[in-house]
Peer 1: 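This is the structure, below, for whatever I ask next.
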Amino acid sequence: PADLSLTIQIPRLQVAEYHRPYVAVWIETPSRKPLKSLAVWYDTEMKDQKGEKWLKDLRQWWRKEGRSADLPIDGVSSPTKPVGTHDLEVTGVEIPAIAEGEYTLIVEASREVGGRELIKIPFAWDGKTAVSTTVSGKSELGTITFAAKAAQ
């Protein structure tokens, strides 16, 4: 098992009509199969689950996991986040029961009357060695910091 920590920055955009982005975060195996969704931020407050209909705009996540997911996903789904930096801690993740290998953490964002962005963060996992990396988005996402370590 692994303990994962992630910091995602939602940048302030100078646009006429600003909407908070929908964001999905997941891990893929070396064969690009989804292993685990870590977070799905969307309008969970909308009446009659109408916020779910816009999840298909998270195109990659939707194709790989979303359309077959039973929403909301317990412990994964939460409301959209405002401009700022947001921390996500996930403990005891079984990567497949995290086997040694090359994985990819993916962060996808989509915003109404806005753009889309997909960031892929490759990482090697041997079950012992801690991993840490920081990348920067170009539009819908700011700085993303990812760390993984063997679960205690």
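In this text the structure is predicted, and so the values were computed from the model without any measurement.
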Peer 1: Test: salt bridge (charged side-chain N to carboxylate O under 4.0 Å, His left out). Region: residues 16-31. Which pairs qualify, not counting sequence neighbours?
Peer 2: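 Listed once each, the pairs are E28-K64.
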Peer 1: Who pairs with D74 by side-chain hydrogen bond (donor to acceptor under 3.5 Å, both in side chains), at least two apart in sequence or on another chain?
Peer 2: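 If we apply the side-chain hydrogen bond (donor to acceptor under 3.5 Å, both in side chains) test to D74, skipping adjacent residues, there are no hits.
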Peer 1: Determine the minimum heavy-atom distance between I10 and P82, stating which atoms define it.
Peer 2: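 Between these two residues, the closest heavy atoms are CB-O, 3.7 Å.
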Peer 1: So, using side-chain hydrogen bond (donor to acceptor under 3.5 Å, both in side chains) as the criterion, who are the partners of S68 when residues are at least two apart?
Peer 2: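 S68 satisfies side-chain hydrogen bond (donor to acceptor under 3.5 Å, both in side chains) with no residue once adjacent residues are dropped.
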Peer 1: Using the test side-chain hydrogen bond (donor to acceptor under 3.5 Å, both in side chains), find all partners of K81 that sit at least two apart in sequence or belong to another chain.
Peer 2: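 Here the qualifying residues are S78.
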Peer 1: Tell me if a side-chain donor or acceptor on E108 pairs with a main-chain N or O of R59 at a distance below 3.5 Å.
Peer 2: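 Yes, because the side chain of E108 sits within donor-acceptor range (under 3.5 Å) of the backbone of R59.
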Peer 1: According to side-chain hydrogen bond (donor to acceptor under 3.5 Å, both in side chains), who are the partners of E65, at least two apart in sequence or on a separate chain?
Peer 2: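 Result, side-chain hydrogen bond (donor to acceptor under 3.5 Å, both in side chains) vs E65: S37.
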Peer 1: How long is the straight-line distance from CD1 of I144 back to OG1 of T134, given to the nearest 0.5 Å?
Peer 2: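 Result: 10.0 Å between the selected atoms.
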Peer 1: Test: salt bridge (charged side-chain N to carboxylate O under 4.0 Å, His left out). Region: residues 131-152. Which pairs qualify, not counting sequence neighbours?
Peer 2: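 Counting only pairs at least two positions apart or across chains, the salt bridge (charged side-chain N to carboxylate O under 4.0 Å, His left out) contacts touching residues 131-152 are R111-E140.
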Peer 1: Apply side-chain contact (heavy atoms from CB on, under 4.5 Å) to A124 and list each qualifying residue two or more places apart in sequence or on a separate chain.
Peer 2: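 By the side-chain contact (heavy atoms from CB on, under 4.5 Å) rule, A124 matches E102.
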Peer 1: Looking at NE2 of H19 and OG of S110, how far apart are the two atoms once the value is rounded to the nearest 0.5 Å?
Peer 2: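 H19 NE2 to S110 OG: 11.5 Å, rounded to 0.5 Å.
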Peer 1: Can you tell me how far apart CG (L35) and CG (L105) are? Round to the nearest 0.5 Å.
Peer 2: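 That separation rounds to 11.0 Å.
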Peer 1: Tell me, please, which residues at least two apart from S136 pass side-chain contact (heavy atoms from CB on, under 4.5 Å).
Peer 2: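 Residues passing side-chain contact (heavy atoms from CB on, under 4.5 Å) with S136: T143.
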Peer 1: So, using salt bridge (Lys or Arg N to Asp or Glu O under 4.0 Å) as the criterion, who are the partners of K36 when residues are at least two apart?
Peer 2: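 Residues passing salt bridge (Lys or Arg N to Asp or Glu O under 4.0 Å) with K36: none at all.
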Peer 1: Please identify each residue that fulfils side-chain contact (heavy atoms from CB on, under 4.5 Å) with K47, with sequence neighbours left out.
Peer 2: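 Result, side-chain contact (heavy atoms from CB on, under 4.5 Å) vs K47: none returned.
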Peer 1: What salt bridge (charged side-chain N to carboxylate O under 4.0 Å, His left out) pairs are there with at least one residue in residues 113-124, not counting sequence neighbours?
Peer 2: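 Every salt bridge (charged side-chain N to carboxylate O under 4.0 Å, His left out) pair that includes a residue of residues 113-124, provided the two are not neighbours, is D57-R116.
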Peer 1: Hydrophobic cluster membership, with links at side-chain heavy-atom distances under 4.5 Å among I/L/V/M/F/W/Y: are V107 and V83 in one?
Peer 2: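 Per the 4.5 Å side-chain linkage, V107 and V83 are co-clustered.
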Peer 1: May I ask you to test the D3-V90 pair for a side-chain heavy-atom distance under 4.5 Å?
Peer 2: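 No, their side chains stay 4.5 Å or more apart.
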Peer 1: Which atom names give the shortest non-hydrogen contact between P11 and Y18, and what distance separates them?
Peer 2: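 Here P11 and Y18 meet closest at O-OH, 4.2 Å.
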Peer 1: Does some side-chain heavy atom of I27 sit less than 4.5 Å from a side-chain heavy atom of T104?
Peer 2: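 Counting from C-beta outward, T104 and I27 never come under 4.5 Å.
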Peer 1: Any side-chain heavy atom of D87 within less than 4.5 Å of one from S5?
Peer 2: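 Sidechains of S5 and D87: no contact.
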Peer 1: Is there a side chain to side chain contact (heavy atoms under 4.5 Å, CB included) between I119 and V135? Walk through the geometry before answering.
Peer 2: CA-CA 8 Å; I119 295 178; V135 299; 3.7 Å; yes
Peer 1: Any chance you could measure L4, atom CG, to W125, atom CH2, to the nearest 0.5 Å?
Peer 2: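 It is 7.5 Å, given to the nearest 0.5 Å.
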Peer 1: Tell me, do L38 and L88 make a side-chain contact under 4.5 Å, heavy atoms counted?
Peer 2: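 The answer is yes; the side chains approach within 4.5 Å.
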Peer 1: Rounded to the nearest 0.5 Å, what separation is found between the CD atom of E45 and the OG1 atom of T80?
Peer 2: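 Atom-to-atom, E45:CD and T80:OG1 are 9.0 Å apart.
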Peer 1: Within the structure provided, determine whether W41 and P79 are in side-chain contact (heavy-atom separation under 4.5 Å).
Peer 2: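 Heavy-atom side-chain distance check fails, nothing below 4.5 Å.
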Peer 1: Check which hydrophobic residues are tied to I73 through side-chain heavy-atom contacts below 4.5 Å, counting indirect links as well, and list them.
Peer 2: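 Noted: I73 shares its cluster with Y22, W26, V40, Y42, W54, L55, L58, W61, W62, L71, V76, I106, L118.
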Peer 1: Measure the spacing between CD1 of I121 and OG1 of T145 and express it to the nearest 0.5 Å.
Peer 2: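 Reported value, rounded in 0.5 Å steps: 8.5 Å.
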